[in-house]
Amino acid sequence: MTGNPSVLFIGGTGTISSACVSEARDVGFDVTVLNRGKSKLRPLPEGVASLHADIEDDASTAAALDGRNFDVVADFMSFTTARLRRNVDLLRGHVGQYVFISSASAYQKRPLPPLPITESTPLRNDYWQYSRDKIACEDYLVGLWRSEGFPGTIVRPSHTYDQFMMPLLGRWTQIARARAGKPMVLWGDGTSLWTLTHASDFAYMFAGLLGNPAARGEAYQITGDCVMTWDAIATALAEAAGVQDVKIAHVASETIGRVLPDWWPELAGDKAGCAVFDCSKVRALRPGFATKVPFWQGAREIVAAFEAHPELAVVDAKLDAAFDKLVAISQLNDA
């Protein structure tokens, strides 16, 4: 035993959680990760312990956690109140702080709230079930804090990425189109402001919450300072892929939703609006934040990582055909 505070990550090998695991270890936590132990893209760093369990299976999860105590638990894998309630029931009395990862998509986006978005911006999403479920989870934790003092902390990430997560709907299919001289497809007029955060920048601020008594019963949004238009985001990715003449087709979100109905909830409930955040609340807990990874650099890292992993650089033929249809519609409307 080292005497360092302990933190359990439920998840720990995802886009955001992997960077947070490394940061927590680096600032002196004894870090344990609970997951299936099957991640190949983001292996655990040296010095991190692992518990193997299928988080979808109640008995497996209960067996892995039985008799264990942690100063902090960071839950990246609860997407419904049923999952969150189960985890809380297993850990109640065995944890000093329970950090729940919610989502900035929980904020009301239609009508567009005053910018910048703060933690007091209303939570409401009429379009995306994922966001409504996160709101319900937040309500559950707030209720526990008020009724029994359960030490919950809520974290709302916005669009966070690393080298293995391309922050553009359509992902590699969009890059392949750009390389082929075909237009990339974007929603609206491409000028909406959007915040992108590299996972390592997120992790710096996240570490300031862990084990911090001031964070119990509080909610925090965490983003960096990289605010760009969608046109600039798409262009940066295409240029990182070696495209000199980037073509973009702008299509109304509603039109995209008719051709690609699976995209509509996320567009209408999140990405079709602007998202600029005031993160002064979380930054007060760990001063000194500065964006370390600008998106031009992040875009190059993404392209390089996808090219090094052919299983990621996949072109979806059906999606590509849908994009062609959307481009034709946009050209007809512009005629």
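Here, residue 1 is the first one in the sequence, and each next residue gets the next number. The analysis underlying the following values was restricted to heavy atoms, covering all of them including side chains, and did not include hydrogens, waters or symmetry mates.
At least one side-chain heavy atom of Y127 sits less than 4.5 Å from a side-chain heavy atom of R110. Between I101 and F76 the shortest side-chain heavy-atom distance falls below 4.5 Å. Between H94 and F70, the closest side-chain pair of non-hydrogen atoms is not below 4.5 Å.
Two rings, from H198 and Y161, have their centers less than 6.0 Å apart. Ring to ring, F150 and W145 are not that close: their centroids are 6.0 angstrom or more apart.
Taking a 6.0 Å sphere around CZ of R68, one finds it holds 12 or fewer heavy atoms contributed by other residues, nucleotides or ligands. The environment of CZ in R124 is sparse: at most 12 heavy-atom neighbours from other residues, nucleotides or ligands sit within 6.0 Å.
With hydrogens and angles left out, the side-chain atoms of S280 and D278 include a donor and acceptor closer than 3.5 Å.
A side-chain contact (heavy atoms from CB on, under 4.5 Å) with M77 is found for exactly one of I55, L84, L34, namely I55.
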Item to complete: Could you walk me through whether V7 and T32 pass side-chain contact (heavy atoms from CB on, under 4.5 Å), step by step?
Response: CA-CA 6 Å; V7 56; T32 302; over 6 Å; no
Discussion item. Between W264 and S253, does the side-chain contact (heavy atoms from CB on, under 4.5 Å) criterion hold? Intermediate values first, please.
Written reply: CA-CA 7 Å; W264 175 243; S253 297; 4.1 Å; yes
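From C226, atom SG reaches atom CD of Q297 across 11.0 Å, with rounding to the nearest 0.5 Å.
Listed by chain and residue number, E218 satisfy the side-chain hydrogen bond (donor to acceptor under 3.5 Å, both in side chains) test with K281 (two or more places apart in sequence, or in another chain).
The aromatic rings of W128 and Y130 lie tilted to each other, with the angle between the two planes from 30° to 60°. Taking the six-membered ring for Trp and thresholds of 30 and 60 degrees, W187 and W263 have ring planes more than 60 degrees apart, a perpendicular arrangement.
Contact record, Y98 with N87: OH-CB, 3.2 Å, taken as the closest heavy-atom pair.
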